[in-house]
Chemist: 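Dropping the structure in here first, questions after.
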Amino acid sequence: MATKLNLKELSKREDRLAPGHRLCAGCGAGIVVRQILAAIDEPVVLANATGCLEVSTTIFPYTSWRVPWIHNAFENAASTMSGVETAYRALVKRGKIPEQNVKFIAFGGDGGTYDIGIQALSGALERGHKMMYVCYNNEAYMNTGIQRSSATPLGANTTTSPAGKVIPGKMQPRKDLTAICAAHNIPYVAQASPHNWRDLMEKARKGVAADGPAFLNVLSSCNRGWRHDTSTTVEVMKLATETCVWPLYEVENGVWRLTYKPKVKKPVTEWLEAQGRFRHLFRPENQYMIERIQADVDGKWERLLKLCGEA
Amino acid sequence: MSEFKALDGTGAVAEAMRQINPDVVAAYPITPQTAIVQTFSEFVADGLVDTEFITVESEHSALSACVGAAAAGARVMTATSSAGLAFMWEILYVAASNRLPIIMTNVNRALSAPINIHCDHSDSMGARDAGWIHLFCENAQEAYDTVIQAVRIAEHPDVLLPVMVLFDGFITSHAEERVEIFDDAWVKAFVGEYKPKHSLLDLDHPVTYGPLDFTDYYFEHKRQQVEAMRHAQKVILDVADEFAKTFGRKYGLFEMYRLDDAEVAVVVSSSTAGTARAAVDKLRAQGAKVGLLKPRVFRPFPAQEMVAALQHLKAVGVMDRAISFGSMGNAGPLFLELAAAMKIYDAGVPMADFVFGLGGRDIVPSQIEGVFRSLLQIAETGKVSELVSYVGVRE
Ligand SMILES: Cc1ncc(C[n+]2csc(CCOP(=O)(O)OP(=O)(O)O)c2C)c(N)n1
Ligand code: SF4
Ligand SMILES: [Mg+2]
């Protein structure tokens with residue numbers, strides 16, 4: 001029987017990601033990984049794209065991973081895991097290893113997933129490997145020093161979309177990768193955030209139970225890049241959901257469903273104000289950007305409500 | 001037991017792959033390699049192999065999936081050419097550095113631009129420092145034999161390096177030859193079973209593959225790779241000996257043809273060596289003392305052995321099917337490597353480079369005879385008037 005998703009039970013488990021790694025204090029990535037791995041009772045084999053999570057957890061001769069783990073390169077966690085998962089099937093078929101209910105999980109940052117790795121991801125999803133791909137989405141290339149990615153939200157100040165005198169940060173809204181993955185018609189796609197741990201853990205369980213590929217897009221605060229206090233990681237992510245900037249939903253066998261609906265939809269300014277990366281938007285000359293962001297969020301939320309049969 | 005079949009190079013490789021029946025193949029089509037993946041797909045579809053074939057969306061993913069599968073303890077193969085190999089570039093290093101015994105057939109084809117589907121060696125030569133073993137084959141038979149040997153070489157515990165099996169696009173890949181195909185059971189017995197030491201699927205002994213090295217360990221890991229490359233030469237020869245005992249054909253680091261009493265020689269690999277042999281015979285019949293050395297193992301480069309085979313000569317001409325742009329004299333990679341070796345080991349033999357056949361430009365016996373005539377002149381005068389010349393180009 002599956003372990004109950006209650007904190008008392010879960011806290012008894014040995015962490016599959018051992019403490020002592022070098023992620024920054026308050027980093028969302030470690031929280032995301034630990035929640036997902038704690039939700040899964042079965043043995044796991046992991047792949048990791050190049051990025052903060054990878055560099056912080058495997059500084060030779062140390063490793064924080066108590067489970068099998070492979071890093072290949074930046075853009076190919078999905079194809080690497082395709083190979084691992086296929087090897088498993090091949091070796092079981094030939095009786096070389098015992099059949100065990102192993103779960104294959106790839107972790108990639110937003111850069112490694114939305115941008116440079118999207119081809120490998122799309123290929124792996126289309127081929128139908130039984131694996132779960134998790135994008136821990138901190139909305140920029142953090143490992144290389146906070147450069148914009150196609151997951152970076154509209155208006156954010158990053159080192160390659162700096163808030164300048166004429167251009168107020170990133171001028172493009174984020175790419176909707178969750179919908180792109182859903183368009184692959186795979187069994188399970190979801191968007192989640194670790195502030196709602198139960199929701200994330202349930203989604204992780206559904207993801208690895210799916211009969212085919214699953215994709216989780218999980219918000220993952222980077223206080224270095226988002227510019228907030230290390231103690232407010234969870235609150236900032238919660239605000240993303242409460243403002244409908246980062247809705248929590250799933251697409252299970254083609255059926256879209258909101259898994260959390262804010263009672264009151266907060267204005268985006270509450271989420272923007274909480275982070276230094278948006279500070280410049282509050283200058284009078286950039287007021288139009290805040291309006292643009294609100295309109296963008298509203299439009300996408302309305303569409304999502306329709307897809308989920310809520311409107 | 002064996003039988004003879006009419007096969008082209010791609011068919012011969014596909015036959016070897018069928019007999020090896022690897023656990024996993026991940027590959028992507030590109031001319032002139034495509035026939036390998038197509039033929040192998042048919043074997044999979046018809047149940048002649050029970051390999052899991054990953055129909056990846058690119059060569060980058062092909063090799064990435066091979067890395068994942070090999071780290072998971074599978075015997076893994078792939079095949080590519082030209083742009084495909086170039087696209088794999090980053091992962092070539094990852095595969096070698098993680099010491100994964102992946103076997104890849106690369107059918108040599110020119111690199112773009114201009115896009116050109118025909119043979120030259122610029123693709124694999126561009127990847128010569130990536131840490132793979134490079135084995136050049138002259139014809140379909142050698143390709144078949146070499147793929148079988150490659151498995152044993154790559155997986156040898158003293159080596160654990162990926163191997164590239166190389167032969168000429170179209171010339172070898174698409175020309176039908178009489179190829180001796182051994183009994184399935186013999187090949188199966190020869191390659192044996194792969195027993196990986198560290199596997200991602202050994203759940204009781206979790207391993208971390210591909211960690212981050214800082215300045216304190218990276219160098220040592222590279223140094224270990226050097227050691228593996230050093231061991232490779234002996235293993236290549238041991239495997240060749242065992243292959244000869246089992247199957248009868250003998251392979252070495254390189255092949256020598258009428259070299260013992262020669263005064264000048266051409267060094268050329270792959271299919272052109274066959275053409276060069278004809279030129280040697282013709283000139284020998286006319287009394288010229290000419291010979292041939294055909295490199296087989298390009299990585300690890302058998303420097304001392306080659307020098308020993310060539311140092312009695314009065315002139316050596318290297319024929320390169322690639323250019324190392326901007327290098328000394330804009331010479332080809334084979335020349336640069338061999339010239340360095342000849343100097344270091346004090347051969348004292350004048351040398352010249354003859355670049356030929358880029359983008360599949362034909363090379364005919366009369367042109368190689370011309371190369372020999374230039375070499376005979378160098379031998380006579382002791383002077384190299386042109387360090388690098390181009391055979392068969394319109395100037
Ligand atoms: C092919 C390639 N291009 C660029 C890089 C440099 N690089 C390493 S990590 C990284 C950004 C990672 O961003 P993301 O995937 O979002 O992960 P994060 O560090 O934010 O967790 C970049 C650009 C690389 N390693 N490989
Ligand atoms: S830079 Fe950001 S993403 Fe990277 S470890 Fe620190 S907090 Fe985490
Ligand atoms: Mg990121």
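Within every chain, numbering begins at 1; the chains are lettered A, B, ... in the order of the sequence lines, protein sequences first and strands thereafter.
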Chemist: Using every non-hydrogen atom in the two residues, find where A/I70 and B/A71 come nearest and quote the distance to one decimal.
Modeler: CD1-CB, 3.6 Å
Chemist: Taking all atoms of both residues into account, what is the closest heavy-atom pair of A/W69 and B/G210, and its distance?
Modeler: CZ3-O, 3.9 Å
Chemist: Which atoms of B/N21 come close to chain A, meaning under 4.5 Å heavy atom to heavy atom: side chain ones, backbone ones, both, or neither?
Modeler: both
Chemist: State the OG1-CG distance between A/T58 and B/L212, to the nearest 0.5 angstrom.
Modeler: 6.0 Å
Chemist: Within the distance-only criterion (no hydrogens, no angle test), does the side chain of A/H71 pair as donor or acceptor with the backbone N or O of B/P211 below 3.5 angstrom?
Modeler: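 No, A/H71 side chain to B/P211 backbone: no donor-acceptor pair under 3.5 Å.
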Chemist: Does any backbone or side-chain atom of A/V55 lie under 4.5 Å from a heavy atom of chain B? Answer side chain, backbone, both or neither.
Modeler: both
Chemist: Of all of B/L63, B/L203, B/D213, which one pairs up most often with chain A through heavy atoms under 4.5 Å apart?
Modeler: B/L203
Chemist: Hey, is A/K93 close enough to B/D23 for a salt bridge, meaning N to O under 4.0 Å?
Modeler: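 B/D23 and A/K93: not salt-bridged.
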Chemist: Once rounded to the nearest 0.5 Å, what's the spacing between atom CG of B/L200 and atom OH of A/Y88?
Modeler: 14.0 Å
Chemist: Quick one: which of A/R89, A/R94, A/R127 gives a salt bridge (charged side-chain N to carboxylate O under 4.0 Å, His left out) with B/E52?
Modeler: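 Between B/E52 and the candidates, salt bridge (charged side-chain N to carboxylate O under 4.0 Å, His left out) is satisfied uniquely by A/R89.
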Chemist: Can you tell which part of B/S199 gets under 4.5 Å to a heavy atom of chain A, answering side chain, backbone, both or neither?
Modeler: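 Neither part.
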Chemist: Please flag which part of B/S97 lies under 4.5 Å from any non-hydrogen atom of chain A: side chain, backbone, both or neither.
Modeler: neither
Chemist: Chain B heavy atoms under 4.5 Å from A/E85: which part of the residue, side chain, backbone, both or neither?
Modeler: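 Neither part, no heavy atoms under 4.5 Å.
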Chemist: Can you tell me which portion of B/H221 sits under 4.5 Å from chain A's heavy atoms? Options are side chain, backbone, both or neither.
Modeler: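 Side chain only.
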Chemist: How many angstroms lie between atom OG of A/S82 and atom CD of B/E57, to the nearest 0.5 angstrom?
Modeler: 7.5 Å
Chemist: Where is the tightest heavy-atom contact between A/A87 and B/A72, given as atom of each residue plus distance?
Modeler: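 It is CB-CB, 3.6 Å.
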Chemist: Sort out for me which of B/N98, B/L201, B/V67 touches chain A most, counting heavy-atom pairs under 4.5 Å.
Modeler: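 That would be B/L201.
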Chemist: If you count heavy-atom pairs within less than 4.5 Å of chain A, which of B/I91, B/V207, B/D50, B/V24 leads?
Modeler: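 Ranked by heavy-atom pairs under 4.5 Å with chain A, first place is B/D50.
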Chemist: Once you round to the nearest 0.5 Å, how far does CZ of A/R66 lie from OG1 of B/T208?
Modeler: 12.0 Å
Chemist: Please report the shortest heavy-atom distance between B/P206 and A/P68, naming the atom on each side.
Modeler: CB-N, 3.6 Å
Chemist: Counting only heavy atoms closer than 4.5 Å, note whether A/L91 contacts chain B via side chain, backbone, both or neither.
Modeler: side chain
Chemist: Between the side chains of B/S58 and A/Q119, does any donor sit under 3.5 Å from an acceptor?
Modeler: yes
Chemist: Any chance you could measure A/T80, atom OG1, to B/Y209, atom OH, to the nearest 0.5 Å?
Modeler: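 Reported value, rounded in 0.5 Å steps: 13.0 Å.
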Chemist: For A/D211, look at atom CG and say whether over 12 heavy atoms of other residues, nucleotides or ligands are found less than 6.0 Å away.
Modeler: no
